[in-house]
Peer 1: 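I have a structure here, written as structure tokens, and I will follow up with some questions on it.
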Amino acid sequence: MNIVFISNQPFPIGMAGSKRIRLFAEHLAKNNSVKVIVVGKNNGNNTFKGVFKKVDFSFTKFNRIQTFLSFFKIKNILKQNFKTGEQNIIFLYDGIGLTNFLFAALGKKMGYKIVTDVVEDYSVHQEKTSFLLSTLHKINCFFEKRTFKFVDGVIVISNCLMTKFERLNFANNPLILIPVSAENLFQPVVKTKKNDFFTFIYSGSYGIKDGIDILIGAFDFLTQRHKKVHLILAGKISNSIKNKIAGNKNIIDVGMVDENKYFDFIGNADVLLMTRINSKYANSGFPFKLGEYLATSNAVIATSISDVEKYLIDKQDVILAEPSNINSLVQAMEYALSDKERLISIGINGRKKCEIFFNPKINGELLNNFFTQVFKNDSNISQ
């Protein structure tokens with residue numbers, strides 16, 4: 001197969017979206033021709049073109065207006081990457097919308113099969129965004145309802161999205177759930193922690209869905225009872241959050257962690273935290289960080305949102321807290337502090353579940369088989 005990934009996510013270095021694409025692409029590149037085309041803005045951490053682990057990639061600068069007006073530019077990109085005599089497929093990240101529908105429409109006319117990977121439900125989006133981006137989400141809802149007119153198959157990241165797209169799939173095209181993948185599942189962790197403070201770590205985004213206010217409130221309460229505890233926050237933190245943590249010396253803001261040091265960083269926690277709230281938007285997706293957390297063999301406290309309980313058992317593979325509930329999160333933290341031997345067992349069991357559900361090799365093969373199904377489905381229809 002000739003597989004062309006098209007997205008606005010940086011490559012190869014980037015956040016959750018970049019990692020999802022890269023892990024898929026790396027696995028597929030073992031037996032297929034794979035190209036990653038980044039359209040949008042360069043994050044400054046990547047070159048404009050190159051080869052990474054057998055994956056050829058390039059960056060093409062588009063702003064949002066150019067993406068849906070540059071008919072001939074898009075057509076040329078697709079023509080250049082089409083391979084006559086091979087099964088050609090386009091993987092469009094993050095659904096079909098205003099900024100990428102031309103890739104799908106023109107690609108289908110050229111003979112590509114089109115597959116999209118849906119990881120969020122923007123119809124219930126609640127994060128703070130610009131007026132332009134908010135308008136774009138509303139327009140994309142129009143395209144979303146017509147997804148299967150543009151594509152030959154859909155990948156989703158959660159059961160919530162699976163249910164939604166089952167309702168939209170009147171043509172009965174291939175549809176599959178492929179969860180997050182943990183790259184660090186196959187990497188050793190270098191333990192360097194030396195102090196005797198019990199360390200909770202939260203790393204990632206700081207949007208409304210992430211429940212940071214709940215987390216800070218719970219930890220403030222915890223430090224009234226326990227003095228030798230640290231909460232380390234990693235990532236880009238707003239000034240409003242910095243003001244909220246300023247009065248608690250046990251909360252440490254380390255900012256952005258270097259990509260090459262990140263897995264060792266989270267590997268040195270006593271407990272890792274995933275604190276999404278109980279909103280439609282939070283429940284529609286699935287936290288990418290949870291797979292990486294579990295892969296460290298450290299215990300994880302997670303709120304019971306989305307599909308978490310479909311994969312993990314409370315007090316066995318993970319410590320669960322009720323979403324949007326400060327008292328429940330405090331209780332989960334105190335449970336972690338109360339029994340360190342049990343904590344080790346939870347961490348080990350969590351990694352075992354990660355090997356089953358969030359394994360890049362298994363999930364990569366699911367995608368490879370899905371692509372095969374997309375072509376098979378077409379041949380069945382033609383018969």
Peer 1: Do any N or O atoms from the side chain of D270 and from the backbone of T199 form a donor-acceptor pair under 3.5 angstrom?
Peer 2: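 Side chain of D270 to backbone of T199: a pair is present.
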Peer 1: Shortest non-hydrogen contact from L320 to D314?
Peer 2: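 Looks like N-OD1, 2.8 Å.
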Peer 1: State whether K228 and D196 are salt-bridged, where the test is any N-O pair (Lys NZ or Arg NE/NH1/NH2 against Asp/Glu carboxylate O) under 4.0 Å.
Peer 2: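 Salt bridge: yes.
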Peer 1: Quick one: closest heavy-atom pair of I266 and E292, and the distance?
Peer 2: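 What the structure gives for the nearest pair is CD1-O, 3.9 Å.
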Peer 1: Side-chain contact test, heavy atoms from C-beta onward, threshold under 4.5 Å: evaluate it for L312 versus L290 and give yes or no.
Peer 2: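 Yes - at least one pair of side-chain heavy atoms lies under 4.5 Å apart.
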Peer 1: Please determine, by modelled atom types, if D94 and Y122 share a side-chain donor-acceptor pair under 3.5 angstrom.
Peer 2: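 The criterion, which ignores hydrogens and geometry beyond distance, is satisfied for Y122 and D94.
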Peer 1: Could you list all the salt bridge (Lys or Arg N to Asp or Glu O under 4.0 Å) pairs where at least one residue sits in residues 244-265, not counting sequence neighbours?
Peer 2: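 Found D213-K244.
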Peer 1: Is a side-chain N or O of N325 found less than 3.5 angstrom from the main chain of A321, in a donor-acceptor match?
Peer 2: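 Between the backbone of A321 and the side chain of N325 there is no qualifying donor-acceptor contact (under 3.5 Å).
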Peer 1: Do N250 and T223 meet the criterion of a side-chain donor-acceptor pair at a distance under 3.5 Å?
Peer 2: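 Looking only at side-chain atoms, T223 and N250 do not form any donor-acceptor pair under 3.5 Å.
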Peer 1: Below 4.5 Å, heavy atoms only, C-beta onward: do F375 and M1 meet side chain to side chain?
Peer 2: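 F375 vs M1: side chains touch.
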Peer 1: Please check if L106 and V115 belong to a single hydrophobic cluster, counting links between Ile, Leu, Val, Met, Phe, Trp and Tyr side chain heavy atoms closer than 4.5 Å.
Peer 2: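 They do share one cluster, since a chain of ILVMFWY contacts under 4.5 Å joins L106 to V115.
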Peer 1: N268 vs I201, test: side chain to side chain contact (heavy atoms under 4.5 Å, CB included). Steps then yes/no.
Peer 2: CA-CA 9 Å; N268 278 277; I201 289 181; 5.7 Å; no
Peer 1: Over all heavy atoms of both residues, which pair between K19 and G14 is shortest? Give the atoms and the distance, please.
Peer 2: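 It is CE-O, 3.9 Å.
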Peer 1: Would you call the rings of F286 and F358 parallel, tilted or perpendicular, taking 30° and 60° as the class edges?
Peer 2: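 The rings of F286 and F358 sit tilted, inter-plane angle from 30° to 60°.
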Peer 1: Please name the pair of heavy atoms, one in E120 and one in S284, separated by the smallest distance, quoted to 0.1 Å.
Peer 2: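 For E120 versus S284, the nearest heavy atoms are C-OG, 4.4 Å.
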Peer 1: Does G111 offer a backbone N or O that forms a donor-acceptor pair with the side chain of N88 under 3.5 Å?
Peer 2: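 No; zero donor-acceptor contacts below 3.5 Å.
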Peer 1: Are any non-hydrogen side-chain atoms of K73 and T60 less than 4.5 angstrom apart?
Peer 2: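 Result yes, sub-4.5 Å side-chain heavy-atom pair found.
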Peer 1: Are F263 and T296 side-chain neighbours, meaning at least one heavy-atom pair lies under 4.5 Å?
Peer 2: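 No, side chains not in contact.
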Peer 1: Tell me whether the rings of F150 and F101 are parallel (<30°), tilted (30 to 60°) or perpendicular (>60°).
Peer 2: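 The rings of F150 and F101 stand perpendicular, inter-plane angle above 60°.
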Peer 1: Could you check whether any side-chain N or O of S306 sits under 3.5 Å from a backbone N or O of G285, counting only pairs where one atom can act as donor and the other as acceptor?
Peer 2: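 Side chain of S306 to backbone of G285, a donor-acceptor pair under 3.5 Å: yes, one is there.
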Peer 1: Say whether, by atom type as modelled, one donor and one acceptor occur between the side chain of N377 and the main chain of Q373 under 3.5 angstrom.
Peer 2: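 Side chain of N377 to backbone of Q373, a donor-acceptor pair under 3.5 Å: no, none is there.
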Peer 1: Carefully, step by step, assess Y335 and R342 under the rule side chain to side chain contact (heavy atoms under 4.5 Å, CB included).
Peer 2: CA-CA 10 Å; Y335 179 86; R342 181 61 179 162; 3.5 Å; yes
Peer 1: State plainly whether one hydrophobic cluster holds both F103 and M110, where clusters connect Ile, Leu, Val, Met, Phe, Trp and Tyr through side-chain heavy atoms under 4.5 angstrom apart.
Peer 2: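 Linked, F103 and M110 end up in one cluster.
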Peer 1: Work out which heavy atom in I301 is nearest to a heavy atom in A336; give both atom names and the distance.
Peer 2: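 Minimum heavy-atom contact is CD1-CB, 4.5 Å.
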Peer 1: Check whether D210 reaches the backbone of G207 with its side chain - one donor and one acceptor, N or O, closer than 3.5 Å.
Peer 2: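 At least one qualifying donor-acceptor pair exists.
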Peer 1: Side chains of Q9 and R22: does their closest heavy-atom pair fall under 4.5 Å?
Peer 2: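 No, side chains not in contact.
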Peer 1: Which pair of non-hydrogen atoms, one from D307 and one from S158, has the smallest distance, and what is that distance?
Peer 2: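 Shortest heavy-atom separation between D307 and S158 comes out as OD2-CA, 3.3 Å.
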Peer 1: Would one find more than 12 heavy atoms of other residues, nucleotides or ligands at under 6.0 Å from atom NZ of K49?
Peer 2: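 Incorrect, the count does not exceed 12.
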Peer 1: Going by heavy atoms in the side chains, are K54 and E26 under 4.5 Å from each other?
Peer 2: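 The answer is no, as the side chains (C-beta and beyond) never meet within the 4.5 Å cut-off.
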Peer 1: Flag yes if I6 and F52 sit in one hydrophobic cluster, no otherwise; membership is Ile, Leu, Val, Met, Phe, Trp, Tyr, and two members link when side-chain heavy atoms are under 4.5 Å apart.
Peer 2: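 Cluster IDs for I6 and F52 match.
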Peer 1: I want to check something: taking the side chain as every heavy atom from C-beta on, are P10 and M15 in contact at a cut-off of under 4.5 Å?
Peer 2: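 No, too far: nothing below the 4.5 Å cut-off.
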Peer 1: Are Y93 and I13 linked, directly or through intermediate hydrophobic residues, by side-chain heavy-atom contacts shorter than 4.5 Å (ILVMFWY only)?
Peer 2: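 As far as the 4.5 Å side-chain criterion goes, Y93 and I13 are not connected within one cluster.
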Peer 1: Any carboxylate oxygen within less than 4.0 angstrom of a Lys/Arg side-chain nitrogen, looking at E365 and K361?
Peer 2: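 The answer is no: the pair does not qualify as a salt bridge.
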Peer 1: So if you build clusters from Ile, Leu, Val, Met, Phe, Trp, Tyr with side-chain heavy-atom gaps below 4.5 Å, do I176 and V154 land together?
Peer 2: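 Same hydrophobic cluster.
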Peer 1: Could you walk me through whether F288 and V119 pass the side chain to side chain contact (heavy atoms under 4.5 Å, CB included) check?
Peer 2: CA-CA 10 Å; F288 194 89; V119 297; over 6 Å; no
Peer 1: Would you call I74 and V39 a side-chain contact if the rule is heavy atoms closer than 4.5 Å?
Peer 2: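 With C-beta onward as the side chain, the pair stays apart.
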Peer 1: For the residue pair N278 / N283, report whether a side-chain donor-acceptor contact shorter than 3.5 Å exists.
Peer 2: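 Present: a donor and an acceptor within the cut-off.
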Peer 1: Would you say R351's side chain and L294's backbone share a donor-acceptor pair under 3.5 angstrom?
Peer 2: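 Between the backbone of L294 and the side chain of R351 there is no qualifying donor-acceptor contact (under 3.5 Å).
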Peer 1: Measure the acute angle between the ring planes of Y202 and Y206, then classify it against the limits of 30° and 60° as parallel, tilted or perpendicular.
Peer 2: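 Geometry flag for Y206 against Y202: perpendicular rings.
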Peer 1: Please check: side-chain N/O of D152 versus main-chain N/O of V374, any donor-acceptor pairing under 3.5 Å?
Peer 2: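 Absent.
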Peer 1: Taking the six-membered ring for Trp, are F91 and F5 parallel (under 30°), tilted (30 to 60°) or perpendicular (over 60°)?
Peer 2: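 Judged by the thresholds at 30° and 60°, the geometry between F91 and F5 is tilted.
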Peer 1: Side chain of Y293, backbone of L273: donor and acceptor closer than 3.5 Å?
Peer 2: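 Yes; judged by distance alone, with no hydrogens or angles, the pair exists.
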Peer 1: With distance as the sole test, does T303 use its side chain to make a donor-acceptor pair with the main-chain N or O of R276 at under 3.5 Å?
Peer 2: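 Checked: pair present.
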